[in-house]
Amino acid sequence: MSDVDSFIDEVTEEVRRDRLYLLLRRWGWVGVTAVVLIVGGAAFNEYRKARDTGRAEALGDSILSALAENGSAERAAKLESVETQSVGGDAILNMLLAAAQVDTGSEQDAIANLNSIAVQGELPQIYRDMAAFKALLLQGDSLPAADRRLQFEALAAPGAPLRLLAEEQLALIDVAEGNTQAAVDRLQALRQDAEAGVDIQQRATNLIVALGGEPEPLVAQQG
């Protein structure tokens with residue numbers, strides 16, 4: 001019986017091997033393809049990372065080279081010649097270019113560059129708000145107060161990244177329009193805001209005093 005059992009086991013094992021070889025011949029290419037795809041995908045990811053890193057370094061070198069120029073006009077011209085290959089890189093470049101254009105007296109070009117960043121939906125909100133805020137500051141003398149108020153109110157919406165700075169500008173618009181009490185009330189609220197830093201609180205305090213008001217005692221914030 002042991003010889004018979006051994007024979008049966010050998011036959012069974014042979015049948016299993018034959019089935020395995022058959023499966024490998026029929027479906028082995030799937031495993032090979034999977035391995036190729038995994039290895040190829042990993043290689044492509046590494047290539048893409050290296051490419052993106054190289055582009056970022058090249059952009060950084062070009063920007064630093066432009067900023068090293070002594071004259072404002074030269075800096076602006078060199079920044080204009082820099083090429084970017086991403087929305088984020090383009091936003092950074094345009095912000096730097098806007099600053100150089102302000103230095104050269106080309107404020108309208110700077111405003112146009114900043115506004116182009118502000119409407120880039122692919123950018124994080126903070127970058128768009130920063131660009132819009134800077135553009136509004138540059139239009140302090142050219143844009144009607146009502147229009148500036150409307151745009152600063154949008155930037156002062158709850159949860160907006162530059163909410164407190166926008167509130168500060170709204171207080172200045174109140175002052176410019178002769179609404180002293182409205183400005184003081186806004187500044188008092190700004191000083192009490194849980195997110196207000198020391199710098200903003202100090203500026204608000206100074207302006208309240210300059211307007212003839214009395215700064216209210218700060219309420220202790222619970223953290």
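In this chain, residues are counted from 1 in sequence order. Values below: all heavy atoms of this structure, side chains included; hydrogens, waters and symmetry mates excluded.
- Side-chain contact check for Q202 versus D199: every heavy-atom pair is 4.5 Å or farther apart.
- When the shell of 6.0 Å around CZ of F133 is examined, it contains more than 12 heavy atoms from other residues, nucleotides or ligands.
- Between the side chain of Q139 and the main chain of Q108, no donor-acceptor pair closer than 3.5 Å is present.
- Using a 4.5 Å heavy-atom cutoff, the side chains of L170 and R149 are in contact.
- No side-chain heavy atom of D109 sits under 4.5 Å from any side-chain heavy atom of T104.
- Linking ILVMFWY residues whenever their side-chain heavy atoms come closer than 4.5 Å, directly or via other members, places I126 and L164 in the same cluster.
- Listed for the R128 side chain is a donor-acceptor partner under 3.5 Å among the backbone atoms of L123.
- Distance check, rounded to the nearest 0.5 Å: CD of E195 to CG of L190 gives 11.0 Å.
- Atom CE of M95 sits about 7.0 Å away from atom NZ of K134, to the nearest 0.5 Å.
- Counting only heavy atoms from C-beta outward, the side chains of D193 and E167 never approach each other to under 4.5 Å.
- Looking at every heavy atom in both residues, I117 comes nearest to A91 through CD1-O, 3.3 Å.
- L165 is not listed as a side-chain neighbour of L155, based on a closest heavy-atom distance of 4.5 Å or more.
- The two residues Q151 and L143 make their nearest non-hydrogen contact at NE2-CD2, 3.6 Å.
- When the shell of 6.0 Å around CD of E122 is examined, it contains 12 or fewer heavy atoms from other residues, nucleotides or ligands.
- Tested against R203 for a side-chain contact (heavy atoms from CB on, under 4.5 Å), the candidates I200, T205, N206 yield a single pass: I200.
- For the pair L138 and E107, the tightest heavy-atom approach, listed with the atom from each and the gap, is O-OE1, 3.9 Å.
- Between N113 and Q101, the shortest heavy-atom distance links the atoms ND2-OE1, 2.8 Å.
- To the nearest 0.5 Å, the span separating CD1 on I173 from CZ on R148 amounts to 4.5 Å.
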request  = Apply side chain to side chain contact (heavy atoms under 4.5 Å, CB included) to the pair Q181 and D185, showing each step before the final yes or no.
outcome  = CA-CA 6 Å; Q181 189 56 51; D185 292 343; 2.8 Å; yes
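- The distance from atom CD of E168 to atom CG of L162, rounded to the nearest 0.5 Å, is 11.5 Å.
- Of the possible polar contacts, none joining the E216 side chain to the Q188 backbone as a donor-acceptor pair under 3.5 Å is found.
- The closest side-chain heavy-atom distance from Q169 to L137 is below 4.5 Å.
- Closest approach of V102 and A110 over heavy atoms only: CG2-CB, 3.7 Å.
- Listed here is the closest heavy atom pair of P217 and Q192: O-NE2, 2.9 Å.
- Once rounded to the nearest 0.5 Å, the distance linking CG of L187 with CD1 of I208 reads 5.0 Å.
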